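Remarks on the structure that follows.
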Amino acid sequence: MKASVLYYSKTGNTKAMAEKIAEGMRSQGLDAKAISVEEIDKEWVRASKCVVIGSPTYYADISAKAKAFLETLGEYEVAGKLGGAFATAAFSYGGGEITLQTILTHMMFWGMLTYSGGGAKGNPPIHLGPVSSGEKSHGTPEVFYLYGQRMAEKTRELFEK
Ligand SMILES: Cc1cc2nc3c(=O)[nH]c(=O)nc-3n(C[C@H](O)[C@H](O)[C@H](O)COP(=O)(O)O)c2cc1C
């Protein structure tokens, strides 16, 4: 079962986290690829049962290039599929959760089923999606890997016959 982890990244932080999520998904049996929104593989995204999207936080909100991609999301036949969001930021109060909300709002607009990775799943709590920051106390690569695993488990639960 295919999954896409789509990201915009200028200096590599968001790309590295996207790769961790895809790795976590693969460890749970999904055929997952991390793909830049600047090099999109349209057929792969269309065939994915789970689409996770991530962006750096710019000015306490999503980056313009990730937002521009979101405005094309309807072209990818995402209705009824599982969606999730992740973000990177320099500061833990730098606006990462606003970035997540912007992504999740677009997914809901297009009729996706959205999942956070589960605040109720115990530690580490992932409320709306993982956010990494320059402060090492939270949002570590391990959390992104675990988030990928949780998204994959939910995708299989929903779509495996
Ligand atoms: C133009 C610009 C604006 C930014 N604004 C914020 C911000 O408001 N809050 C924050 O925490 N980090 C901010 N950052 C830091 C980035 O979100 C952070 O370094 C991110 O991980 C970069 O991702 P990338 O390496 O994938 O490009 C900003 C960075 C740039 C270049």
Side-chain angles (χ1 to χ4, degrees), residues 2-28 30-42 44-46 48 50-76 78 81-110 112 114-119 123-152 155:
K2 289 186 174 58
S4 295
V5 184
L6 309 178
Y7 64 89
Y8 168 68
S9 185
K10 189 174 182 193
T11 56
N13 297 338
T14 314
K15 180 179 186 203
M17 295 307 126
E19 282 167 357
K20 278 284 158 200
I21 294 168
E23 213 181 292
M25 287 175 156
R26 287 193 292 271
S27 79
Q28 296 303 307
L30 290 196
D31 199 0
K33 276 209 285 199
I35 307 169
S36 161
V37 297
E38 295 176 302
E39 296 165 4
I40 212 86
D41 177 344
K42 218 164 192 172
W44 186 275
V45 180
R46 282 201 174 123
S48 294
C50 177
V51 178
V52 170
I53 300 177
S55 171
T57 301
Y58 282 2
Y59 309 105
D61 205 336
I62 195 167
S63 66
K65 289 195 176 172
K67 181 84 185 322
F69 173 75
L70 285 179
E71 290 176 5
T72 70
L73 193 57
E75 297 170 20
Y76 295 88
V78 291
K81 294 176 178 167
L82 189 66
F86 68 102
T88 68
F91 307 101
S92 50
Y93 296 96
E97 289 192 318
I98 297 171
T99 302
L100 297 178
Q101 283 187 326
T102 300
I103 296 167
L104 294 169
T105 299
H106 278 259
M107 290 177 161
M108 291 179 82
F109 177 92
W110 290 108
M112 295 188 80
T114 58
Y115 183 52
S116 63
N123 281 323
I126 301 175
H127 293 124
L128 301 182
V131 179
S132 83
S133 81
E135 297 152 49
K136 298 292 177 223
S137 56
H138 79 296
T140 60
E142 291 72 27
V143 173
F144 283 75
Y145 181 86
L146 179 73
Y147 171 75
Q149 290 186 312
R150 290 181 180 180
M151 291 303 291
T155 304

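As the structure is a computational prediction, the values presented were derived from the model and not from experiment. For ligands, and for the atoms within them, numbers begin at 1 and follow the listed sequence.
- The shortest non-hydrogen separation linking Tyr7 to Ala34 is CE2-C, 3.9 Å.
- For ligand 1, the atoms lying closer than 4.0 Å to a non-hydrogen atom of Thr14 are 23 (O), 24 (P), 26 (O).
- If you check each of Tyr58, Tyr93, Phe91 against atom 3 (C) of ligand 1, the one with the closest non-hydrogen atom is Tyr58.
- Considering only residues two or more places apart in sequence or on other chains, Tyr8 meets the ring-ring contact (aromatic ring centres under 6.0 Å, His included) condition with none of them.
- For the pair Pro141 and Lys20, the tightest heavy-atom approach, listed with the atom from each and the gap, is O-CD, 3.8 Å.
- In this structure, atom 22 (C) of ligand 1 lies nearest to the protein heavy atom Pro56 CB, 3.6 Å.
- For the pair Ile62 and Phe69, the minimum side-chain heavy-atom distance is 4.5 Å or more.
- Taking all heavy atoms of Ala16, Gly94, Ala64 into account, the minimum distance to atom 7 (C) of ligand 1 is reached by Gly94.
- Heavy-atom proximity to Thr11, at under 4.0 Å, picks out these atoms of ligand 1: 22 (C), 24 (P), 25 (O), 27 (O).
- Rounded to the nearest 0.5 angstrom, Leu73 CG and Ile103 CD1 are separated by 10.5 Å.
- Listed by first and then second residue, the side chain to side chain donor-acceptor pair (under 3.5 Å) pairs involving residues 55-70 are Ser55-Ser63, Thr57-Thr99, Asp61-Thr102, Lys67-Glu71 (not counting sequence neighbours).
- Polar contact with ligand 1: absent for Gly95 (N/O pair, distance under 3.5 Å).
- Side chains of Ser132 and Thr88: a donor-acceptor N/O pair is absent below 3.5 angstrom, by distance only.
- Remark: among candidates Thr88, Ile98, Thr57, the nearest residue to atom 16 (C) of ligand 1 is Thr57, based on non-hydrogen atoms.
- For atom 19 (O) of ligand 1, the closest non-hydrogen atom of the protein is Asn13 ND2, 3.7 Å.
- Remark: minimum distance from atom 12 (N) of ligand 1 to any protein heavy atom is reached at Ala90 N, 3.1 Å.
- The closest approach between any non-hydrogen atom of Gly12 and ligand 1 is below 4.0 Å.
- Ligand 1 places these atoms under 4.0 Å from at least one heavy atom of Lys10: 24 (P), 26 (O), 27 (O).
- Contact record, Val52 with Met151: CG2-CE, 4.1 Å, taken as the closest heavy-atom pair.
- The single protein non-hydrogen atom nearest to atom 1 (C) of ligand 1 is Tyr59 OH, 3.4 Å, given as residue, atom name and distance.
- Per-residue contacts place Ala60 under 4.0 angstrom from the following atoms of ligand 1 (heavy atoms of the residue considered): 7 (C), 8 (O).
- Phe144 and Ala87 get closest at one heavy-atom pair: CZ-O, 3.8 Å.
- Geometrically, ligand 1 and Lys15 share no nitrogen or oxygen pair separated by less than 3.5 Å.
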